[in-house]
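To start, the structure itself, in structure tokens.
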Amino acid sequence: MLSYTFQKGERLKSRKVIGALFKEGKSFGQYPLRLVYLSVKERRSEFPAQFTVSVPKKKFSKAVARNRIRRQIREAWRLNKHRLYKVLEGEERQMALLVIYVAKEALPYPEIERAMRQMISRLTKKR
RNA sequence: GCUGCGGGCUGCUCUAUCGCGGCCAUGGCCGUUAGCGCCAUGGGUGAGGAAAGUCCGGACAACGUAGCGCACCACGCCACCUAACGGGUGGGCUGUGACCGUCAGCGUCAUGGACAGAAAGUGCCACAGAAAACUAGACUUCCUGCCGGGAGGGCUCGCCCUUCUCCGCUACGGCCUUCGGCACGUAGCUUCGGUGGGUAAAGGUGAAAACGUGCGGGGCUAUGCCCUUAAUGUAAGAGCGCACGCCAGGCCGUAGCAAUACGGCCCGGGGGUAAACCUCGUGGGUUGAAAUGUCACAUACACCACGAUUCCGAUCCCUUAAGCUGAGCCAUGCUCACUUCAGGGUGGGAGGCGGGUUGCUCGCCUGCUUGGAAACAGUCGUGGGGGGUAGGCAGAUAGACCCUGACGGUGACGUCAGGGCUAGAUAAAUGAUAGAGGCCCGGGGCUGGGCGUAAGCCCAUCGUCAGGGAACAAAAUCCGGCUUACAGGCCCGCAGCAAUU
RNA sequence: CGGGGUGUAGCGCAGCCCGGUUAGCGCGCGUCGUUCGGGACGACGAGGCCGGAGGUUCGAAUCCUCUCACCCCGA
């Protein structure tokens, strides 16, 4: 049985790690998303990856729109993260992931989910 | 009934699956208890009328506190509501519009008013205009004396009287879109100018022209006399006087808590602008949850204060004292012994018991070695300072709270009674998928009606099938207002149109 | 959460404080001249209702209120 939950330990909350992500993380774009990732030495929880979302305020000035996009991206991650977990299992290190929404308009959910699946498969191949 | 405008209320509902943040209960990780954390299960709960903009006012907190003033900022008819307000309610005054009404006036309704002061002072009022503001003085097609000129009349040919000193025309130039026109300028023509005094009425301009109207030279012993410019006569004698009216000020009376209204008396002021400076009155201590308190982690270090301690050594004292590197590992250095020509190599620099800890540690005994204290200075500890790490908890969600009813009040609102608990996140919780119902849109198909031979065209209440749409927008310490955005639905008021009675 | 600033011609800016003519300057643009041609240069010209709405005033880019957009600062 696959786990479709999104628990506390899976959320990236450390200001330090997020700062390091922007400073030395690798990234690639998968329209309308962009992924920034980095391997972290010490594990902060028992999960193989921690995940967070960012929606720029410059493109979506209304908080309602930002909230909706963030929730949709998180939903797509929740339903597809097991593909990445399977690969990362058994590794000591932890993966920090940051997804940025780069499109100028709010796109429907199916497009976001498709981009999320392709993004995960690309990340899997790179490792 | 439809349309438009304004105001108030509301701000789609349900089901299934997978998920999220708080709260409560149970269980597991979990071991002696408790706490924290994570997970699972169950229960219950989870954005707004504006959560928004951050335009005001408070609560709360820190700092300051002996009180006051200046500066600065905000507000400004009156009363009330309120914790408070620049918010609200009611009233007054005033502008605009509509209606009743014979005009004026009065009244009713709707709507707007930064609605204290322009008689405290300063500034400004472009262009145009004589003048744009203390005292009022220059100008003109105004009045008049003198000199000069023209016309007419009288006549003693010396003079005297009356009247005019304007209207206009032409040429050239300038401006405007042609014809053509002009508050335009210059020169000339027709018989017409110069100069002195006075200044009441009037002066095409302008947003605004000295409050409006009427009468009047001043004084006196008053049908006359006197005086001033200025002189025989004549004229003007004044931005002055009086009366009434309008507005403003002071006092009094009546109604009203008051603003104010009405009436009377007195005073003797009159352009606008205070969203120009300003004056008066009232209010504001400053900074703001990134406030503040507390716990944990981490406290390297320039520096300061206090305490303890000790290398050399003047001095003082005399065995109840001090020491035996480092918690551990590795490396280097120190000291002792042995060895080597030297570089170097080997070995030693303590042992035991007890308390206690993740760890640093403390006390006692044995063994070995050594004399100790003392200003400055060094070291250690504590506090401050400064730097760094940046988390947990409190603040922080039961409150100027919500609902219902009664009572008081024109109303905003208040009082009482009963009931209810209604988000508390912190890289930040409400989502995704599928389906159903209701609402709206436009009119495609069916359907109904009308016209037409027909093709077809037009109209549409209801029904039905397929389709599309559902706004503005999300807490971040809390609360009361204001402003702004908003699809659809319901209710109320006003206006217009149509139909019926 | 709090504070400050800017919107004026295609672009970059003045003018605003202290209201008054036809809102100026540079670059750019158009036409003409110059040149064999281009550039440079010279002459002439077009292009604005001052972010939006309302108000004060005789009169508003300027003063006041509300609002929209953008930029900057504060741990």
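A note on names: the letters A, B, ... follow the listed sequences, proteins ahead of strands, and every chain is numbered from 1.
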Q. Below 4.5 Å, heavy atoms only, C-beta onward: do A:E75 and A:L79 meet side chain to side chain?
A.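 A side-chain contact under 4.5 Å exists here.
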
Q) Is there side-chain contact between A:L33 and A:Y101, with heavy atoms separated by less than 4.5 Å? A)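 Side chain of A:L33 against side chain of A:Y101, heavy atoms only: contact under 4.5 Å found.
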
Say you pick atom [atom1] in [N] and the same atom in [M]; how far apart are they, in whole Å?
N	M	atom1	value
B:C440	B:C446	P	25 Å
C:C17	B:C278	P	16 Å
B:C494	B:G418	C1'	43 Å
B:C393	B:G424	P	15 Å
B:G22	B:A425	C1'	8 Å
B:U282	B:C479	P	36 Å
C:C63	B:C78	P	31 Å
B:G269	B:C242	P	11 Å

Considering Watson-Crick and G-U wobble pairs with both distances under 3.5 Å, what does [N] pair with?
N	result
B:U191	none
B:A305	B:U382
B:U332	none
B:U199	none
B:G395	none
B:C38	B:G28
B:U15	B:A434
B:C251	B:G264

Q: For the pair A:E113 and A:R117, find out whether any cationic side-chain nitrogen is under 4.0 Å from an anionic carboxylate oxygen.
A: yes

Integer-rounded Å distance: [N] [atom2] and [X] [atom1]:
X	N	atom1	atom2	result
A:E113	B:G431	CD	P	17 Å
A:K81	B:A432	NZ	P	19 Å
A:N80	B:G19	CG	C1'	14 Å
A:R66	B:A429	CZ	P	12 Å

To the nearest 0.5 angstrom, please state how far the [atom1] atom of [X] sits from the [atom2] atom of [Y].
X	Y	atom1	atom2	result
A:K125	A:L123	NZ	CG	11.5 Å
A:R114	A:Q30	CZ	CD	9.0 Å
A:R74	A:I112	CZ	CD1	13.0 Å

Syn/anti label of [N] as read from its glycosidic torsion, with the cut at 90° from 0:
N	result
B:A47	syn
B:G49	syn
B:G148	anti
C:G37	anti
B:U422	syn

(Q) Given A:M119, which partner from the list A:L84, A:L97, A:V99 fulfils the side chain to side chain contact (heavy atoms under 4.5 Å, CB included) test? (A)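 Of all the options given, the one that passes is A:V99.
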
Q. With under 30° as parallel and over 60° as perpendicular, where do the rings of A:F51 and A:W77 fit, or are they tilted in between?
A.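 Correct class here is parallel.
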
Below 3.5 Å between N/O atoms, which protein atoms pair up with nucleotides 15-18 of chain B? Just atom names and distances, please.
from	atom 1	to	atom 2	distance (Å)
B:C18	O2'	A:R78	NH1	3.0
B:C18	O2	A:R78	NH2	3.0

Q: Using both pair distances under 3.5 Å as the test, note the stems of at least 3 consecutive Watson-Crick or G-U pairs that include RNA chain C.
A: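 When the pairs of RNA chain C are grouped into runs of at least three, the stems are C:1-7 with C:68-74, C:10-13 with C:24-27, C:29-33 with C:41-45, C:51-55 with C:63-67.
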
Q. Should A:R70 be listed as having a side-chain N or O under 4.0 Å from OP1 or OP2 of B:A429?
A.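 For A:R70, the contact criterion (side-chain N or O under 4.0 Å from OP1 or OP2 of B:A429) is met.
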
Q. Looking at A:Q72, does any N or O in its side chain come under 4.0 Å of the phosphate oxygens OP1/OP2 on B:A432?
A. yes

Considering only nitrogen or oxygen atoms on both sides, find all protein atoms under 3.5 Å from nucleotides 472-476 of chain B and state each distance.
from	atom 1	to	atom 2	distance (Å)
B:A473	OP1	A:K62	NZ	3.3
B:A474	OP2	A:A63	N	3.2
B:A474	OP2	A:V64	N	3.2
B:A474	N7	A:N67	ND2	2.8
B:A474	N6	A:R71	NH1	2.5

Q. Do A:V53 and A:F28 sit in the same hydrophobic cluster, where Ile, Leu, Val, Met, Phe, Trp and Tyr count as joined when their side-chain heavy atoms come under 4.5 Å apart?
A. yes

